[in-house]
Amino acid sequence: MPCLDISTNVNLDGVDVDSFFKEATTAVANIIGKPEKYVMVVLKGSANIHFGGNKEPAAFAEVVSMGGINSEVKKQLISSIGSMMEANFSIPRTRFFLKVFDTTLAKKLSKI
């Protein structure tokens with residue numbers, strides 16, 4: 001079950017985020033190879049985020065998934081979600097950070 005959790009310093013009050021949720025859900029499902037019905041998207045606005053020493057629009061996001069993550073998937077997630085953040089919330093791709101974590105990899109490493 002993949003989860004995309006996004007925090008941004010952009011104020012989202014009054015912003016129609018429904019299309020973003022649909023777009024993000026579809027992208028994560030397609031890129032990771034999981035059904036949309038298992039994808040969770042969390043979006044928090046007005047977070048206290050300073051990036052590069054200033055408060056210009058920025059975002060931090062994390063994708064956690066049980067499997068389906070490799071280096072190509074990470075690249076696709078960064079590109080796709082970064083583009084969505086820029087298009088929907090005017091957050092430059094250079095001010096967006098994405099952390100990707102596969103829980104099954106952590107399990108495998110703990111057994112070593």
Side-chain angles (χ1 to χ4, degrees):
M1 180 163 87
C3 177
L4 169 60
D5 188 348
I6 302 169
S7 295
T8 178
N9 57 2
V10 173
N11 183 340
L12 300 175
D13 291 342
V15 175
D16 180 13
V17 295
D18 289 340
S19 62
F20 174 79
F21 279 114
K22 177 61 179 153
E23 183 181 6
T25 298
T26 300
V28 169
N30 288 339
I31 293 169
I32 296 178
K34 304 282 184 174
E36 284 188 31
K37 69 180 182 177
Y38 295 122
V39 176
M40 178 186 290
V41 178
V42 179
L43 177 62
K44 298 174 286 261
S46 300
N48 288 319
I49 296 176
H50 287 237
F51 186 77
N54 64 60
K55 291 175 132 181
E56 293 175 22
F60 170 79
E62 181 175 32
V63 171
V64 178
S65 180
M66 292 183 279
I69 303 295
N70 59 40
S71 61
E72 184 57 36
V73 167
K74 287 180 186 180
K75 289 176 190 175
Q76 290 178 23
L77 287 168
I78 291 166
S79 176
S80 181
I81 296 167
S83 294
M84 284 184 267
M85 298 302 289
E86 190 166 37
N88 288 276
F89 310 120
S90 300
I91 298 170
R93 294 169 59 99
T94 57
R95 296 187 54 81
F96 169 72
F97 183 86
L98 179 65
K99 176 181 170 184
V100 181
F101 182 73
D102 186 333
T103 62
T104 59
L105 180 59
K107 266 185 167 177
K108 290 176 187 174
L109 291 175
S110 70
K111 292 181 181 181
I112 296 177

Tell me whether the count of non-hydrogen atoms from other residues, nucleotides or ligands lying under 6.0 Å of CG in Asn54 goes above 12. yes
Within a reach of under 6.0 Å around OH of Tyr38, are more than 12 heavy atoms found that belong to other residues, nucleotides or ligands? no
Whether the side chain of Arg93 engages the backbone of Ser79 through a donor-acceptor N/O pair (distance < 3.5 Å, no angle test) should be reported. yes
For the NZ atom on Lys44, are there more than 12 heavy atoms of other groups (residues, nucleotides or ligands in this structure) within a distance under 6.0 Å? yes
Output for pair (Met66 CE, Phe101 CZ), nearest 0.5 Å, gives 12.0 Å
Over all heavy atoms of both residues, which pair between Pro2 and Ile32 is shortest? Give the atoms and the distance, please. CB-CD1, 3.9 Å
Working to the nearest 0.5 angstrom, can you tell me the gap between Thr25 OG1 and Met40 CE? 10.5 Å
Should Val73 and Leu98 be regarded as members of a common hydrophobic cluster, given that ILVMFWY residues are connected when their side-chain heavy atoms come within less than 4.5 Å of each other, either directly or indirectly? yes
Between Val41 and Val28, is any pair of side-chain heavy atoms under 4.5 Å apart? no
Student check: side-chain heavy atoms of Ser90 and Val10 closer than 4.5 Å: no
Ignoring hydrogens and geometry beyond distance, is a side-chain donor-acceptor pair present between Asn9 and Arg95 at under 3.5 Å? no
From Leu77, Ile31, Val64, Thr103, residue fulfilling side chain to side chain contact (heavy atoms under 4.5 Å, CB included) relative to Ile69: Leu77
Ring centroid separation for Phe51 and Phe97, is it under 6.0 angstrom? no
